[in-house]
Undergrad: 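Before I ask anything, let me first share the structure, which is written out below as structure tokens.
Each chain gets a letter, A, B and so on, in the order its sequence line appears, and its residues count up from 1. Just so you know, these numbers use all the heavy atoms, side chains as well, and skip hydrogens, waters and symmetry mates.
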2 protein chains.
Amino acid sequence: MSGTAPSHAATGTDPALACPVAPVVDLVFSRWTTPILWTLHAHGRQRFVTLERRITGITPKVLTQRLRQLERDGLVVRTYHPEVPPRVEYEISELGRSLAPLFAHLAAWGEGHLDRVEQARLAYDADQAR
Amino acid sequence: MSGTAPSHAATGTDPALACPVAPVVDLVFSRWTTPILWTLHAHGRQRFVTLERRITGITPKVLTQRLRQLERDGLVVRTYHPEVPPRVEYEISELGRSLAPLFAHLAAWGEGHLDRVEQARLAYDADQAR
DNA sequence: CCGGATCCTAAAAGATACTG
DNA sequence: CAGTATCTTTTAGGATCCGG
């Protein structure tokens with residue numbers, strides 16, 4: 001129950017009822033869930049520490065929280081191996097894998113358009129300074 | 001300069017250096033930017049009040065903030081008509097329009113997979129209750 | 001009509017320390 | 001190793017009032 005979700009839906013307020021993209025955003029596009037899913041997709045099944053090392057700046061607390069949420073949402077599968085020392089592995093689920101083309105498109109869009117965004121910002125700021 | 005951006009990049013901390021999707025998320029996937037872009041895309045050029053009415057629950061302050069950010073990022077074009085009373089219209093820019101297929105894919109994914117997410121949650125919670 | 005200014009809350013995230 | 005516990009900070013967003 002302590003698995004704090006970043007979900008807006010959980011608050012009761014429904015942001016834009018008419019926007020079908022909102023629930024998906026709520027599910028996979030928050031500060032850390034996206035990098036987590038990306039890393040899991042890029043490197044396959046891996047353990048907690050590995051994830052922690054690969055995702056720069058994340059703290060174990062947040063990593064646990066987001067991982068739990070993703071597991072609950074069925075996007076990630078957690079496997080616990082009762083050994084000493086304990087070993088836990090995470091991997092993308094089948095459902096999670098269905099997001100892959102989406103992520104690829106997003107990354108591609110960034111590749112192609114992010115520099116134009118940067119130019120727009122410079123132009124806006126320059127215009128604002130006058 | 002007071003246009004508070006939700007950007008994490010602006011804070012200086014770089015979440016996941018290796019995740020190319022993160023900057024795009026930062027740009028268009030926050031609680032209100034997504035519905036705003038969607039509404040603008042769905043209904044074309046429209047004025048502030050119209051936007052405010054169509055996006056359920058948004059406050060004028062937040063609408064202004066996000067609109068400013070989107071304008072600065074070059075995704076939205078703001079047109080001011082010096083009349084009495086003043087009239088301001090917003091529309092998606094060419095750059096913003098390039099996001100359309102992405103949004104369509106996101107919406108389609110939601111259509112097809114959101115119910116499975118819901119089932120996963122129910123299963124997880126049921127299992128947790130034991 | 002289109003916001004700007006101000007104050008405030010709620011929730012996510014960060015820091016740090018500590019266990020089975 | 002894989003987390004948990006606790007505390008503090010940050011910030012998106014909400015509420016309200018005011019002005020050109």
Undergrad: Could you state the atom-to-atom distance from CD1 of A:Ile58 to P of C:dA15 in whole Å?
TA: 12 Å

Undergrad: For the side chain of A:Val62, starting at C-beta, report the closest nucleotide among C:dG14, C:dA12, D:dG13.
TA: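 Closest nucleotide among those given: C:dG14.
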
Undergrad: How long is the line joining NE2 of A:His81 and P of C:dG20, in whole Å?
TA: 23 Å

Undergrad: From the set D:dG3, C:dG14, C:dA13, return the single nucleotide nearest to any side-chain atom of A:Val88.
TA: D:dG3

Undergrad: Please state whether the rings of A:Tyr90 and A:Phe48 are parallel, tilted or perpendicular, taking 30° and 60° as the class boundaries.
TA: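 The rings of A:Tyr90 and A:Phe48 sit tilted, inter-plane angle from 30° to 60°.
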
Undergrad: As a test of reading the structure: which of C:dA13, D:dA2, D:dT4 is closest to the side chain of A:Arg78, going by heavy atoms?
TA: D:dA2

Undergrad: Is it true that B:Leu106 and B:Leu114 fall in one hydrophobic cluster, defined by side-chain heavy atoms closer than 4.5 Å?
TA: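 Yes; tracing contacts between hydrophobic side chains, which count when under 4.5 Å, links both residues.
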
Undergrad: Which whole-number value in Å describes the distance from B:Arg68 CZ to D:dA12 C1'?
TA: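 Taking CZ of B:Arg68 and C1' of D:dA12, I get 18 Å after rounding.
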
Undergrad: Tell me the interatomic distance from B:Leu63, atom CG, to D:dA15, atom C1', rounded to whole angstroms.
TA: 16 Å

Undergrad: Rounding to a whole Å, what distance do you find between A:Arg47:CZ and D:dG3:C1'?
TA: 13 Å

Undergrad: Counting side-chain heavy atoms from C-beta on, which of C:dC1, C:dA13, C:dC2 comes nearest to B:Val49?
TA: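 Looking only at heavy atoms from C-beta outward on B:Val49, the closest nucleotide is C:dC2.
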
Undergrad: What nucleotide among C:dA15, D:dA2, D:dG14 has an atom nearest to a side-chain atom of A:Arg87?
TA: D:dA2

Undergrad: Whole Å only: how far is the CH2 atom of B:Trp32 from the C1' atom of D:dA12?
TA: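 After rounding, the gap between these two atoms is 11 Å.
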
Undergrad: As a test of reading the structure: which of D:dC1, D:dG13, D:dG20 is closest to the side chain of B:Arg66, going by heavy atoms?
TA: D:dG13

Undergrad: Would you mind reading off the distance between A:Gln69 atom CD and C:dA11 atom P, rounded to a whole angstrom?
TA: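 After rounding, the reported distance stands at 14 Å.
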
Undergrad: For DNA chain C, whose closest nucleotide is more 5', that of B:Arg53 or that of B:Thr64?
TA: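 Mapping each residue to its closest nucleotide by heavy atoms, the 5'-most match is B:Arg53.
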
Undergrad: Please report the interatomic distance OG1(B:Thr33) to CG(B:Leu27), rounded to the nearest 0.5 Å.
TA: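 Separation between the atoms: 8.0 Å.
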
Undergrad: Rounded off to whole Å, could you give me the NZ-to-P distance for the A:Lys61 and D:dG3 pair?
TA: 16 Å

Undergrad: Would you indicate which nucleotide in D:dA2, D:dA15, C:dC1 comes nearest to any side-chain atom of A:Phe48?
TA: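 Nearest to the side chain of A:Phe48 among the choices is D:dA2.
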
Undergrad: Can you tell me how far CD1 of A:Ile36 sits from CG of A:Leu67, rounded to the nearest 0.5 angstrom?
TA: 5.5 Å

Undergrad: Between B:Arg72 and A:Asp125, does any side-chain N to carboxylate O distance fall below 4.0 Å?
TA: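 Judged by the 4.0 Å cut-off on N to carboxylate O distance, B:Arg72 and A:Asp125 do form a salt bridge.
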
Undergrad: Does a side-chain N or O of B:Tyr90 approach OP1 or OP2 of C:dG3 to a distance below 4.0 Å, or not?
TA: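 Result: yes.
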
